[in-house]
Amino acid sequence: TGGEAYEGLNNASKIKRSFIVILNDNEMSISKNSGAVAAYLSQMRSSTKYYETKKRVKEALSKSAIGRELSRSVSGTKELVKFAIFQSNIFQNLGYKYLGPIDGNNLSELIDTLNVAKQLNEPCIVHIKTKKGKGYLPAEQNSGEYHGIAKRKAIFREEAGETYSETMGRYLTELADKDERICAVTAAMKYATGLQHFAKAHKSRFFDVGIAEEHAVTFAAGLSAGGLKPVVAIYSSFLQRAYDQILHDVCIQNLPVVFAIDRAGLVGSDGETHQGIFDLSYLSSIPNMHIMAPKNKWELSDMVKFAIAFDGPVAIRYPRGEAYGGLKEYRSPIEMGKGELLYAEGEICLMAVGSMVKTAQEVKTRLNQEGHKCSVINARFVKPIDLRAVEWACENHRLVVSMEENVASGGYGEKVRKAMNEMDMKAGFLQIAIPDAYVEHGNVEQLKQEIGIDAGTIVEKIKKEMGS
């Protein structure tokens, strides 16, 4: 359902040689498919009969010399090729030969059909019907929940706490119970973003637009302009696709749309393409955007409530995995652009964003053990940053350290450094951030060590900066 798929089909239809597109139709993306395209494919599957005749193969291949030769070859074999030609479907109208639907879990049938497709000297769509989770019964019965491995882990780790995604989804559902204007939009990620309970409790206000992040954002802008309070829940790495829509459709109009940015920061096993390490940078460049990051699950709930009440675009970014439950005693009210002072000691001041607040607490403990005084500020807001907090940090400490799980370029640290320069502050400054590079697949804690944003490495960097 992503727009780029149709752009590609439109462009490739001009190719006058063998070109094969395989449509893997398992009726699921991550969540169950929805919308007109899903309904159309379902109609094709149900109304098209399977054909096992050599005559149909001959008809499909009769337009080319190579095809006629293959047709004679197929006619001489005992193995029959299953396929059907669905008359006047969308793919044929776009200029493609259509083969299918076939049983994609039947390897022999799949190979036979692909061999036929290879001989067609024109663009071809091979429509295969597969079963998601095939061979593992729990996944077959609940393929949305079992899209990744996290659910399977939970079976053996019953002690695992609520994730940030679940916290966001649960609290949003509670707010929607009391406010009929609240609605939720996602791009084929109902389970992954914790919205399954919202979808069940408020079906008429839940919208899954399929894998179409650009449309999700523009659709939310329309809902907002109509007086609703939309919350768009999308992974950090996927939200990049909708940058133009955030800029033009939401922020130029200054519409109150809430972006619940899941999987912000390092995601580990999801790999290089899914690392959510750029959102602070690309969102900060957009006028009218406001960006928050919670230190724990309690603050996430407070930020969701604050964002829905705010009259403008707001993004809340939070990491993958179990929500941090520490620092519960620190829960001052959320105020626009204002940070939260957790510890005030002197000498060194750690200004940490979101998930890095937990790391800052570990760094503080280690520095204290080595005789250093250390203050900690929970930044809360990346845009706008708390200028008074920066000023206080500079006036009362020898070294100011910014900490974020985002690339250095365009991130929180650059904003702190700029503010210090503009205020002509003399304190030292150290930026802790992810290097401006793509981060490979791997265990999150190991990756943090490799790129230098784990507690141990940060302590060593601070000691070096302090000359100790």
Side-chain angles (χ1 to χ4, degrees), residues 161-179 181-186 193-195 198 220 224 229-236 239 246 250 255-265 276 279-280 283-284 286 288-342 351-358 360 376-386 389 403-406 412:
E162 186 177 63
T163 66
Y164 278 104
S165 304
E166 290 166 345
T167 296
M168 193 286 298
R170 173 181 54 77
Y171 191 63
L172 184 64
T173 303
E174 293 174 5
L175 291 175
D177 291 341
K178 305 170 185 176
D179 188 342
R181 297 174 302 163
I182 295 174
C183 53
V185 181
T186 192
T193 57
L195 290 176
F198 186 103
S224 179
K229 287 283 187 176
V231 176
V232 184
I234 295 177
Y235 283 12
S236 170
L239 190 60
I246 297 170
V250 175
L255 292 169
V257 174
V258 178
F259 295 93
I261 306 178
D262 207 320
R263 291 351 188 237
D279 55 89
L280 294 184
L283 290 176
S284 290
I286 304 177
N288 290 337
M289 177 58 77
H290 306 80
I291 309 169
M292 299 186 289
K295 66 180 181 293
N296 57 25
K297 63 180 181 180
W298 319 106
E299 194 162 71
L300 174 58
S301 297
D302 294 342
M303 286 184 172
V304 170
K305 183 177 181 180
F306 175 88
I308 288 175
F310 184 72
D311 190 24
V314 183
I316 310 171
R317 59 112 66 177
Y318 45 91
R320 177 184 185 177
E322 186 175 343
Y324 180 49
L327 297 172
K328 183 180 179 181
E329 66 273 22
Y330 296 94
R331 198 172 180 179
S332 58
I334 307 292
E335 297 180 47
M336 176 54 69
K338 187 175 181 180
E340 179 186 41
L341 180 62
L342 302 179
M351 303 187 71
V353 175
S355 61
M356 293 299 283
V357 173
K358 179 183 178 182
V376 178
I377 293 176
N378 167 26
R380 282 187 168 173
F381 285 86
V382 173
K383 186 181 181 183
I385 67 168
D386 189 340
M403 299 172 60
E404 63 190 304
E405 203 170 329
N406 188 82
Y412 176 70

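The structure presented is a predicted model; accordingly, all values stated were derived computationally and were not measured.
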Give, for atom CG of Leu280 and atom OH of Tyr412, the distance between the pair rounded to the nearest 0.5 Å. 11.0 Å
Does a side-chain N-to-carboxylate-O contact under 4.0 Å join Arg331 and Asp302? yes
Is the shortest heavy-atom distance from the side chain of Asp279 to the side chain of Phe259 under 4.5 Å? no
Between His290 and Pro313 (side chain of the first, backbone of the second, donor and acceptor by atom type, cut-off under 3.5 Å), is there such a pair? yes
Might you point out which heavy atoms bring Ala389 and Ile377 nearest each other, and give the distance in Å? O-CD1, 4.0 Å
Nearest 0.5 Å, what's the CD-CE distance between Glu405 and Met356? 6.5 Å
What is the distance from atom OG of Ser355 to atom CZ of Arg320, rounded to the nearest 0.5 Å? 14.0 Å
Distance in Å, Met336 CE paired with Phe306 CZ, rounded so as to fall on 0.5 Å steps: 4.0 Å
For Val257 and Ile246, run side-chain contact (heavy atoms from CB on, under 4.5 Å): C-alpha distance rounded to whole Å, both residues' side-chain angles, the deciding distance at 0.1 Å, then the answer. CA-CA 10 Å; Val257 174; Ile246 297 170; over 6 Å; no
Whether the Asp262 and Ser165 side chains hold a donor-acceptor pair (N or O, under 3.5 Å, no angle test) is what I'd like checked. yes
Which heavy atom of Gly265 sits nearest a heavy atom of Arg317, and at what distance? N-NH2, 3.9 Å
Using modelled atom types and a 3.5 Å cut-off, is there a donor and acceptor pairing between side-chain atoms of Lys295 and backbone atoms of Ala352? no
Heavy-atom closest contact (Met292 atom, Ala307 atom, distance): CE-CB, 4.0 Å
With a 4.5 Å cut-off on side-chain heavy atoms, are Val304 and Thr167 touching? no
Ser301 and Tyr171 have their tightest heavy-atom pair at O-CE2, 3.0 Å
Got Val382 and Val353 here, is their nearest side-chain heavy-atom distance under 4.5 Å? yes
Would Met403 and Val357 count as a side-chain contact (heavy atoms from CB on, under 4.5 Å) if you check the C-alpha gap in whole Å, the side-chain angles of each, and the deciding distance to 0.1 Å? CA-CA 8 Å; Met403 299 172 60; Val357 173; over 6 Å; no
Inter-residue atom distance Leu342.CG - Glu329.CD, 0.5 Å rounding: 9.0 Å
Quick one: OH on Tyr318 to CG on Asn296, what's the gap to the nearest 0.5 Å? 14.5 Å
Test log, rule side-chain contact (heavy atoms from CB on, under 4.5 Å), inputs Leu300 and Tyr164: CA-CA 8 Å; Leu300 174 58; Tyr164 278 104; 3.8 Å; yes
Scanning both residues in full, the closest heavy-atom pair of Val231 with Ala260 reads CG1-CB, 4.1 Å
What I'd like to find out is whether the side chain of Leu175 reaches to under 4.5 Å of the side chain of Lys229, using heavy atoms alone. no
What I'd like to find out is whether the side chain of Tyr330 reaches to under 4.5 Å of the side chain of Glu299, using heavy atoms alone. no
Thr173 side-chain N/O to Gly169 backbone N/O, donor-acceptor pair under 3.5 Å: yes
Side chain to side chain, Thr193 and Arg263, heavy atoms closer than 4.5 Å: no
On a heavy-atom basis, the closest approach of Pro230 and Ala220 is CG-O, 3.3 Å
Cationic N near anionic O, under 4.0 Å, Glu335 to Arg380: no
Run Leu283 and Ile261 through side-chain contact (heavy atoms from CB on, under 4.5 Å) and show every step you take. CA-CA 11 Å; Leu283 290 176; Ile261 306 178; 3.4 Å; yes
Considering only heavy atoms from C-beta outward, does the side chain of Phe381 approach that of Ile334 to under 4.5 Å? yes
